[in-house]
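Following: one structure in structure tokens, then a few remarks.
Atoms within a ligand are numbered from 1 in the order they appear, just like the ligands themselves.
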Amino acid sequence: MDKKNFTQYNDLIYSSEELEKESWDRLVIGATKSKDAFHTPCIATLNQNEVSMRTVVLRKAIPSERELRFHTDIRSNKWLELAQNDSINALFYDASERIQLRVKGKALLHFNNEITSEAWNKTTLSSRKCYLTDFSPSSFALAPTSGLAEHIEQENFTMKESEAGQKNFGIVSIRVESIDWLWLHHSGHRRAFFDYKLDSFQWMIP
Ligand SMILES: Cc1cc2nc3c(=O)[nH]c(=O)nc-3n(C[C@H](O)[C@H](O)[C@H](O)COP(=O)(O)O)c2cc1C
């Protein structure tokens with residue numbers, strides 16, 4: 001997939017259906033290319049009634065399922081927040097293309113199942129480090145620290161030893177309910193809304 005083949009939104013007549021499909025193509029690129037702007041969305045959850053946001057790495061986009069996935073520690077605040085309230089938003093902005101996607105959905109938490117085992121088996125030693133802290137993410141510390149034992153911080157441990165991290169490894173799956181697409185252009189912005197609940201793809205005034 002090459003972004004160069006994507007629509008020029010100001011000089012072509014294109015349908016909102018084409019645009020919807022293309023938005024998912026962009027998300028698939030975001031999940032697979034680490035340098036892509038869509039690789040690191042901002043994720044919003046609710047902590048009681050307060051908004052809570054953070055950056056994550058987009059690991060998978062599955063257009064046929066309208067699903068996005070990211071990995072996280074099941075001891076993290078975001079996981080606990082989503083267990084209480086499954087409302088979730090993902091915000092993407094590609095500055096070079098001037099495209100914003102506001103993705104809204106419901107979270108499904110995967111832990112200790114086939115999906116997490118398959119993903120865990122593909123993780124590298126270095127990314128497994130994140131799941132090997134003795135204390136939970138967001139625990140306060142007496143000094144600046146990664147929270148990792150020194151041999152783990154130095155990556156002086158085996159793949160077998162790293163298996164201990166699997167008990168903390170979770171996957172958040174976003175079941176997408178709508179996408180608000182926005183393209184900025186000096187001659188006039190464009191905006192569209194893809195509503196999967198109502199099965200309607202419509203243009204909007206930006
Ligand atoms: C570029 C970048 C990528 C990140 N990717 C992830 C990720 O994929 N999963 C994750 O749990 N945290 C990731 N983080 C850390 C989170 O932004 C956040 O600081 C941490 O997970 C704690 O969030 P919480 O307290 O809301 O759970 C990333 C941070 C940055 C800056």
Side-chain angles (χ1 to χ4, degrees), residues 24 26-62 65-97 99-149 152-153 155 162-176:
W24 278 99
R26 288 184 185 278
L27 289 167
V28 169
I29 292 173
T32 45
K33 299 214 156 99
S34 63
K35 297 265 184 318
D36 192 83
F38 280 5
H39 194 57
T40 46
C42 171
I43 299 290
T45 53
L46 281 168
N47 178 9
Q48 309 296 336
N49 285 325
E50 299 204 336
V51 176
S52 171
M53 294 191 293
R54 77 289 292 157
T55 311
V56 300
V57 171
L58 179 66
R59 298 286 176 175
K60 206 161 198 138
I62 313 172
E65 303 292 322
R66 292 172 181 158
E67 185 184 336
L68 302 175
R69 290 183 191 163
F70 66 88
H71 298 172
T72 198
D73 193 311
I74 65 159
R75 301 168 297 171
S76 68
N77 286 341
K78 72 181 88 49
W79 185 274
L80 304 175
E81 287 162 15
L82 288 167
Q84 296 275 315
N85 185 331
D86 63 359
S87 272
I88 188 162
N89 273 230
L91 177 67
F92 298 84
Y93 181 55
D94 186 330
S96 64
E97 305 266 333
I99 290 174
Q100 170 182 265
L101 295 186
R102 294 198 290 169
V103 177
K104 192 173 164 183
K106 294 279 186 283
L108 185 66
L109 304 181
H110 293 283
F111 171 64
N112 202 13
N113 65 14
E114 237 175 77
I115 289 175
T116 51
S117 302
E118 198 190 325
W120 175 259
N121 289 335
K122 287 186 190 155
T123 55
T124 59
L125 198 67
S126 140
S127 44
R128 287 184 178 196
K129 271 159 74 172
C130 305
Y131 304 94
L132 288 166
T133 54
D134 290 333
F135 296 98
S136 303
S138 299
S139 306
F140 287 107
L142 294 173
T145 174
S146 66
L148 296 167
I152 294 184
E153 195 168 78
E155 285 193 28
S162 74
E163 292 298 333
Q166 191 169 6
K167 66 178 185 308
N168 300 323
F169 179 72
I171 296 182
V172 176
S173 157
I174 304 174
R175 290 165 302 162
V176 177

Legend entry - Partner of Lys106 by side-chain contact (heavy atoms from CB on, under 4.5 Å), out of Leu82, Asp86, Asn85: Asp86

Legend entry - Salt bridge present between Glu65 and Arg175 (N-O < 4.0 angstrom): no

Inset, instruction - Say whether, by atom type as modelled, one donor and one acceptor occur between the side chain of His71 and the main chain of Ile171 under 3.5 angstrom. - result: no

Legend entry - Arg69 bridged to Glu118 by N-O distance under 4.0 Å: no

Legend entry - Distance, nearest 0.5 Å, that separates CD1 of Ile74 from CZ of Phe169: 11.0 Å

Could you give the N/O to N/O pairs under 3.5 Å linking ligand 1 and the protein, each with its distance?
residue	atom	partner	partner atom	Å
ligand 1	5 (N)	Val57	N	3.3
ligand 1	8 (O)	Val57	N	3.0
ligand 1	9 (N)	His71	O	2.8
ligand 1	11 (O)	Thr72	OG1	2.6
ligand 1	11 (O)	Lys78	NZ	3.0
ligand 1	14 (N)	Thr55	O	3.2
ligand 1	17 (O)	Thr55	N	3.4
ligand 1	17 (O)	Thr55	O	2.7
ligand 1	21 (O)	Lys78	NZ	2.7
ligand 1	23 (O)	Lys78	NZ	3.4
ligand 1	25 (O)	Ser138	OG	3.4
ligand 1	26 (O)	Arg54	NE	2.8
ligand 1	26 (O)	Arg54	NH2	2.8
ligand 1	27 (O)	Asn77	N	3.3
ligand 1	27 (O)	Lys78	N	3.0
ligand 1	27 (O)	Lys78	NZ	2.9

Inset, instruction - Output all residues satisfying side-chain contact (heavy atoms from CB on, under 4.5 Å) with Ala37, sequence neighbours left out; order by chain, then residue number. - result: Asp94

